[in-house]
Amino acid sequence: MSKEHIETPTDETLKSNFIHQEIDKDLQENKNQGKVLTRFPPEPNGYLHIGHAKSICLNFGLGKHYNGATNLRFDDTNPVKEDVEYVDSIKEDVKWLGFEWQGEPRFTSDYFDQLYAWAVKLIKKGKAYVDDQSAEQIASQKGTPTEPGKESPFRNRSVEENLDLFERMKNGEFEEGEKVLRAKIDLASPNMHMRDPLMYRILKRHHHRTGDKWCIYPMYDFAHGQGDFVEGITHSICTLEFEVHRPLYNWFLDQILEGEPAPEARPRQIEFARLNLNYTVMSKRKLLQLVNENYVSGWDDPRMPTISGLRRRGYTPASVRRFADEIGVAKRENVIDVSLLEHCVREDLNKRAPRVYAVMNPVKVIITNYPEGQVEWMEAINNPEDESMGTRTLPFSREIYIEREDFMENAPKKFFRMDVGREVRLKNAYIVKCEGIEKDESGEITEIHCTYDPNTKSGMEGSNRKVKGTLHWVSIEHSKTVQVKQYDRLFMDEAPDGHKDKEFLEFLNPDSLSVIDNCYIEPNYKDAGANFEDGIERYQFQRLGYFCIDKDSTEKQVIFNRTVALRDSWSKKKK
RNA sequence: UGUCUCGUGGUGUAAUGGUAGCACAGAUGGUUUUGGUCCAUCUAGUCCGGGUUCGAAUCCUGGCGAGACAACCA
């Protein structure tokens with residue numbers, strides 16, 4: 001089957017995966033009245049990255065596929081690290097990717113009262129207790145995966161005392177670290193998470209939503225599963241590391257639901273392997289470090305694997321969704337080659353980006369037999385992949401720029417470009433012949449002299465002649481000067497954070513950004529009809545790659561970011 | 001020396017007891033006014049051993065290997 005169009009979100013055909021099969025089974029058993037409700041539950045403590053995009057596409061894709069819905073919930077149980085800045089960026093990124101969450105975004109902090117009540121219920125059942133020990137003491141009693149833990153001396157306090165203490169924790173009578181609430185489960189469990197995990201800790205911090213109402217905050221483990229339950233989530237899709245938490249979530253729900261009527265839906269957690277991409281890092285901590293220590297310009301630096309970085313780099317939402325679909329979903333550890341991501345954006349942009357002429361590394365060409373002062377407006381197709389995008393005109397004159405790399409003295413036969421005595425075609429203009437060159441003292445070419453054949457204007461009969469090379473060009477007099485930022489991979493190592501003895505920063509690529517201040521572009525590139533749903537202008541610079549206009553552009557200074565170069569089988573061959 | 005999870009071309013991912021397929025990457029050729037696109041062809045795989053079966057990537061068993069888990073993080 002040929003790929004005529006890259007799928008739009010509505011007709012996206014999801015690749016099947018094991019999660020579909022599990023949900024299909026649940027549906028066959030008529031669990032949850034046949035409903036499917038998923039959720040995307042980020043913590044607002046950083047910007048979303050391509051790994052989150054996988055999760056977003058999975059969760060929202062599932063909701064759509066099963067005619068259900070997907071909630072956006074912020075798991076904001078740790079005011080120390082969280083911020084509204086992140087809430088806003090996450091909403092923007094999910095929307096940009098093309099997904100809609102059900103109703104308003106949810107916040108785990110909306111459930112703090114309920115969680116508190118449930119904690120009290122557990123205390124009353126003798127399933128939770130206040131522990132006065134320090135973090136270190138508790139840790140030292142946890143045991144190891146192979147040795148059982150030891151009981152806290154406070155484990156068997158009376159219900160009354162626990163109730164009193166917990167309320168006083170809530171009232172702010174104790175300082176941070178003085179007391180915690182713990183679940184009373186099993187210190188000998190082979191699952192470390194069942195060894196009397198913490199439920200609440202004292203944090204006298206301002207919360208971005210609840211303000212100063214609380215000075216105790218639930219731990220993620222005591223909040224996440226209940227958040228899903230409260231919302232009626234049927235399938236809680238998460239990454240592999242939470243597999244060992246699943247029994248704990250189920251235990252909490254069992255405790256909470258005891259004595260209650262059977263709920264309409266009870267979340268079922270299914271885990272999948274997170275995305276890893278080579279030549280980058282994906283941990284929030286490391287991304288934050290890159291930002292804070294100014295190795296990049298910000299979360300949306302086009303070299304970052306963040307969604308905002310990809311957006312600024314020029315990736316389209318469709319290309320990211322396609323990528324998420326291509327990589328699939330499974331439980332085994334995986335490392336995806338960035339070339340697949342690049343393939344996805346090329347595939348989309350090839351279909352949709354208008355072609356324009358720009359010269360990044362110019363050398364001057366004088367067409368000696370072309371009349372001085374004459375200008376011809378040449379017609380050019382905006383996108384050979386999409387006739388409906390029409391044509392525009394661009395000016396041709398006696399003095400033009402071509403790429404320095406498109407000329408070579410004494411070039412080998414396989415070099416299909418310009419050399420003295422050779423003919424090449426100037427795309428959408430004339431066939432020209434190189435007659436000679438001029439150099440400066442250092443030997444660098446300063447001018448190339450050509451003659452043109454007036455009978456070979458594109459469209460004329462005479463232009464049908466076979467010529468080995470076709471070059472792009474711009475008229476010097478008419479061209480506009482813009483800045484171009486070229487990006488290369490941020491790290492030189494395939495797995496920058498995969499070395500025990502070396503820090504990932506050691507592998508930073510010093511050439512990951514190169515700025516070209518004088519890039520020459522045809523004057524009417526805006527007429528080429530760049531039209532993208534997110535309003536970002538994207539173009540193909542003929543023969544060079546895909547570029548988009550950076551948000552920092554001004555009228556005086558237009559900045560283009562290179563999204564990705566065109567595939568280049570010539571440069572590969574040279575090696 | 002625990003519990004859980006996972007091993008299919010270089011990288012991902014299908015095949016759910018019945019011809020190991022697809023994508024990316026790589027190679028070759030064709031078309032081309034982008035060395036792009038497109039088209040065609042090729043390279044390359046079931047971790048190992050035993051068992052069940054007419055038949056095993058799939059089921060059983062024993063190894064081996066990888067990952068996760070011992071934060072008042074999520």
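Every heavy atom of this structure was used, including side-chain atoms; hydrogens, water molecules and symmetry mates were not. Throughout, a chain's letter reflects where its sequence line sits, starting with A, and its residues are numbered from 1.
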Report, as yes or no, whether the 6.0 Å neighbourhood of atom NZ on A/Lys433 holds more than 12 heavy atoms from other residues, nucleotides or ligands.
no

Do other residues, nucleotides or ligands put more than 12 heavy atoms under 6.0 Å from the CZ atom of A/Arg274?
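Result for CZ/A/Arg274: open.
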
[M] and [N], which share atom name [atom1], separated by this distance in whole Å:
N	M	atom1	value
B/G21	B/A57	C1'	13 Å
B/G10	B/U16	C1'	27 Å
B/A14	B/G55	P	29 Å
B/C60	B/C6	P	12 Å
B/U11	B/U46	P	13 Å
B/G9	B/C22	C1'	12 Å
B/G12	B/G26	C1'	15 Å
B/U13	B/A20	C1'	13 Å

Under 4.0 Å between any heavy atoms, over every strand shown, what does [X] touch: base, sugar-phosphate, or nothing? Just pick one.
X	result
A/Leu198	base
A/Ile336	sugar-phosphate
A/Arg355	base
A/Glu385	base
A/Val335	sugar-phosphate
A/Lys414	base
A/Asp568	sugar-phosphate
A/Phe242	base
A/Gly459	base
A/Ser339	sugar-phosphate
A/Val467	nothing
A/Gln21	base
A/Lys179	nothing
A/Arg332	base

For [N], the Watson-Crick or wobble counterpart (both distances under 3.5 Å):
N	answer
B/C59	B/G51
B/A74	none
B/G45	none
B/U28	B/A40
B/A66	B/U5
B/A23	B/U11

Over how many whole Å does the gap from [X] atom [atom1] to [N] atom [atom2] extend?
X	N	atom1	atom2	value
A/Lys466	B/G30	NZ	C1'	12 Å
A/Leu277	B/U11	CG	C1'	12 Å
A/Glu494	B/A25	CD	P	15 Å
A/Arg285	B/C73	CZ	C1'	13 Å
A/Asn383	B/U34	CG	P	13 Å

Would you please classify the geometry between the A/Tyr401 ring and the A/Tyr520 ring as parallel, tilted or perpendicular, with 30° and 60° separating the classes?
tilted

Should the ring pair A/Trp473 and A/Tyr357 be called parallel, tilted or perpendicular, given that the plane angle runs from 0 to 90° and is split at 30 and 60?
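Answer is tilted, since the angle falls between 30° and 60°.
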
Once you round to the nearest 0.5 Å, how far does NE2 of A/His245 lie from OH of A/Tyr249?
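Separation between the atoms: 5.5 Å.
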
4.5 Å side-chain heavy-atom contact, A/Leu181 and A/Ile123
yes

Does [N] have OP1 or OP2 under 4.0 Å away from a side-chain N or O of [X]?
X	N	value
A/Ser569	B/G36	yes
A/His472	B/U34	no
A/Arg195	B/G2	no
A/Arg274	B/A68	no
A/Arg346	B/U37	no
A/Thr77	B/A74	yes
A/Arg543	B/G35	yes

Identify whether NZ of Lys or CZ of Arg in A/Lys170 sits under 6.0 Å from the centre of the six-membered ring of A/Tyr116 and within 45° of that ring's axis.
yes

Considering heavy-atom distances to RNA chain B, does A/Glu178 or A/Asn191 have its closest nucleotide positioned more toward the 5' end?
A/Asn191

In sequence, state the C-alpha distance, the side-chain angles, and the governing distance for A/Phe560 and A/Tyr525, and then conclude on ring pair (Phe, Tyr, Trp, His ring centres under 6.0 Å).
CA-CA 12 Å; A/Phe560 279 93; A/Tyr525 68 91; 5.7 Å; yes

Are A/Phe166 and A/Tyr200 near enough that their ring centres are under 6.0 Å apart?
yes

Base B/U33 to side chain A/Ser458, donor-acceptor N/O within 3.5 Å cut-off
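A donor-acceptor contact between them is present.
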
